[in-house]
Amino acid sequence: MNANYPKKCWYVAATSDEVTDSPLGRRLLGKDVVLWRGASGQITAFQNRCAHRAFPLSHSTVDGDQLVCGYHGCTYDTDGKCVHIPSQPQVPTGMRVPVFPVLEEPPFIWIWLGQPAAAAGTQPPRTPWINDPAWPTFGSAWRVGANYMMVHEHYLDFSYAPILHRRDVPAEISSMPAFNDIEVTETTVSYTRLLPAAQLVDWEADATGLDRGLTYKRRESGTFASPAMHRQYWEIEAPDGQAYITTRTHGLTPETDTTTHVFMQGSRNYRTDRDEVTTGLRTFLDEVARRDVSVLEMASNHSGYDGWRGGVEFQADAAALRARRIVGVMLAKEAGRSAIRPGLAPTSRSEALSPVQTARG
Amino acid sequence: MSAPTVTQPSANVHEFTTELIVRRRSTPADGVVVLDLADPDGQELPRWEPGAHIDLLLSDGLTRQYSLCGDHGDPSVWRVGVLLDPDSRGGSRYVHEKLEEGAKVRVRGPRNHFPLVDAPRYRFIAGGIGITPIFAMVEEVQRSGNEWTLLYGGRTRASMAFVDELAERYPDRVTVWPQDERGFLDLAALLKDPVDDTLVYCCGPEGLLTAVESQCAQWPAGALHIERFAAKAPTAEEAAAALEGFEVVCHRTGVTLEVTSDQSILEVLEESDVPIMASCYEGVCGTCEARVLEGTPDHRDSVLSEPEKASGEVMLVCVSRSRTERLVLDL
């Protein structure tokens with residue numbers, strides 16, 4: 001399969017706490033990247049390969065705002081320019097390593113791995129709630145052995161919840177109802193489904209502290225914000241009308257064609273001063289993630305994304321199909337082809353990304 | 001695969017729709033107003049790409065499409081340029097007369113039928129208010145560092161929006177061509193010889209588009225991209241013109257079927273074992289797309305773009321119906 005991730009897009013490379021003066025090597029969109037933080041606090045991303053002997057720069061040391069290769073001591077500034085070589089007085093003209101644009105918006109460090117100039121004037125999706133005291137938030141990260149679109153599509157269709165996560169969904173909700181609303185724009189898709197009143201399951205009762213004797217309506221909703229980000233909300237409506245919202249923000253970054261980094265931030269808008277609620281949610285959501293990873297890896301190992309997307313689509317896949325179309329248009333544009341015709345069924349039986357004759361009117 | 005026996009409530013698939021406020025209004029050229037639309041509470045607006053347009057929902061049934069022409073990296077504002085059409089049936093007249101700063105207006109979108117495909121070189125051609133999507137494109141291409149030129153024509157210099165801004169910023173790339181000073185655009189000189197790895201993007205009045213199409217006849221397929229202002233969405237009146245019952249002829253299978261008001265075309269096809277793939281049964285997935293050989297479909301899906309719907313060449317048989325007694329499908 002050809003790489004199916006757009007390059008002209010900001011992806012999460014790491015979380016802020018991961019990047020220190022000890023350089024971090026990471027494969028992102030199939031590229032080996034090294035991220036490091038200089039003395040001034042600024043983050044820089046290089047191709048993880050010294051210009052001299054292809055040594056991984058992740059084995060370097062940071063000296064002020066420069067990176068010193070751990071092999072021959074080649075020293076690079078934040079523009080990727082080699083400014084010093086211990087063994088000779090002159091630095092070879094033009095000796096440099098490729099630099100990738102990065103943007104730190106804690107807790108995320110975003111990276112642009114497409115043509116660097118094209119990053120100018122663009123921004124990653126905003127995530128202000130993560131730093132809002134009204135939304136206590138914790139972070140967790142993992143890796144999935146599956147194509148990033150499988151991870152997106154998994155989160156965009158939560159209809160598996162009563163099966164895969166059956167203890168975590170009220171027993172009365174034996175199947176997820178159809179979407180009530182799907183809202184599309186050129187670059188995003190959002191969806192909402194309303195759930196019938198049901199009793200609390202353990203994690204909900206523990207987290208919210210609401211009365212287990214009552215039944216509650218719920219709303220599950222989410223947004224495909226970009227190929228790099230998905231957000232899901234689980235909202236429990238209390239009798240007084242207050243909405244107890246638990247939300248997962250997923251930074252999804254292709255590592256390779258068949259593996260994905262997930263940078264999750266779990267937030268809530270209730271019991272904001274209770275640390276034990278954070279701890280409990282962290283344990284719960286990590287367990288949910290383990291199950292998610294398990295099914296995705298089984299599907300990926302069995303048939304890969306091509307097999308996955310060749311399957312029969314359900315109504316519950318409507319949001320995922322929209323997301324595929326958004327990504328398909330981005331890929332076609334990057335490949336220098338006319339964007340796919342929106343009416344083309346995006347399944348494997350008709351090659352969704354084949355060139356389309358348009359434009360001549 | 002059989003049709004679901006119980007009809008599920010179908011999701012309301014719709015485009016982002018909201019009320020925005022005119023934060024800034026200017027008149028950069030004769031008969032042209034530029035509106036900066038923003039969320040009244042300062043919320044971010046959905047992101048868009050060059051070539052995108054939005055609907056202004058002006059009043060009962062009055063919907064007009066306008067290209068976005070500002071900085072697509074700025075999610076706080078959507079900018080549109082609106083030419084006052086002297087024959088206006090209400091759309092541009094309403095914008096010019098009613099949408100002062102502080103006024104509210106409902107908008108829908110954005111969507112993009114004029115996507116900017118990556119290429120090393122571009123030749124942009126704009127006629128009059130057709131500059132709006134092209135302006136967003138040249139800014140994007142300039143940022144990316146690719147090569148481009150713009151030939152910008154209009155009746156008079158004073159009628160050409162953004163003309164000074166463009167000529168000042170990119171003197172080597174922009175050729176300004178007011179008709180009263182220089183006559184008709186010299187398209188032959190610009191397009192006579194096809195150039196490798198070069199895309200031509202054109203937006204403007206119908207006459208310009210036709211001329212550019214004919215000049216580009218020798219260019220490789222897919223090199224020319226034009227934006228025709230989309231056919232307007234069907235009015236309530238037109239939708240009411242859809243027939244309750246009609247006949248569907250399956251050309252390849254050789255059967256003729258009756259569709260009544262309580263059946264979808266797809267249901268009738270499946271009952272008769274006409275081979276067709278289908279999935280969502282609600283016009284969102286695009287699986288059941290069929291080619292229309294004869295007749296006029298009544299499109300009710302949310303997959304096909306407006307130009308595709310207007311072309312009448314394809315339809316989604318799970319939800320769409322017919323405006324003609326007879327519909328011949330390539331099935």
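Keep in mind that what you see is a predicted model, and the values were worked out from it rather than measured. Labels below follow one simple rule: chain letters A, B, ... track the order of the sequence lines, proteins then strands, and each chain is numbered from 1.
- For chain A, no part of B:E139 is nearby; none of its heavy atoms comes within less than 4.5 Å.
- Only the side chain of A:Q115 has a heavy atom closer than 4.5 Å to any heavy atom of chain B.
- In this structure, chain A has no heavy atom under 4.5 Å from any part of B:P120.
- Atom CZ of B:R169 has more than 12 neighbouring heavy atoms from other residues, nucleotides or ligands inside a 6.0 Å radius.
- Using a 4.5 Å cut-off on side-chain heavy atoms (C-beta onward), B:H14 and A:D181 make contact.
- Between B:A52 and A:E186, the closest heavy-atom pair is CB-OE1, 3.3 Å.
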Assess the residue pair B:D118 and A:K8 against the criterion (side chain to side chain contact (heavy atoms under 4.5 Å, CB included)); give the C-alpha distance rounded to whole Å, side-chain angles, the decisive distance to 0.1 Å, and a yes or no. CA-CA 11 Å; B:D118 282 7; A:K8 291 166 83 171; 2.9 Å; yes

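- Between chain A and the residues B:A119, B:G145, B:P110, the most heavy-atom pairs under 4.5 angstrom are made by B:P110.
- In this structure, B:S144 and A:A117 approach most closely via the heavy-atom pair O-CB, 3.9 Å.
- The two atoms that bring B:F16 and A:E183 nearest to each other are CD1-OE1, 3.3 Å, heavy atoms only.
- Within the 4.5 angstrom heavy-atom criterion, atoms from both the backbone and the side chain of B:E15 approach chain A.
- Annotation: maximal heavy-atom pairing with chain A below 4.5 Å, among B:L116, B:V141, B:D71, occurs at B:L116.
- For A:R193, no part lies under 4.5 angstrom from a heavy atom of chain B.
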What verdict does the side chain to side chain contact (heavy atoms under 4.5 Å, CB included) test give for A:Q123 and B:R47, after you've listed the backbone C-alpha separation in whole Å, the side-chain angles of each residue and the deciding distance to 0.1 Å? CA-CA 10 Å; A:Q123 299 170 4; B:R47 311 287 174 98; 3.9 Å; yes

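- In this structure, A:R219 places its CZ atom where only 12 or fewer heavy-atom neighbours from other residues, nucleotides or ligands lie under 6.0 Å away.
- For B:D197, no part sits under 4.5 Å from any heavy atom of chain A, backbone or side chain.
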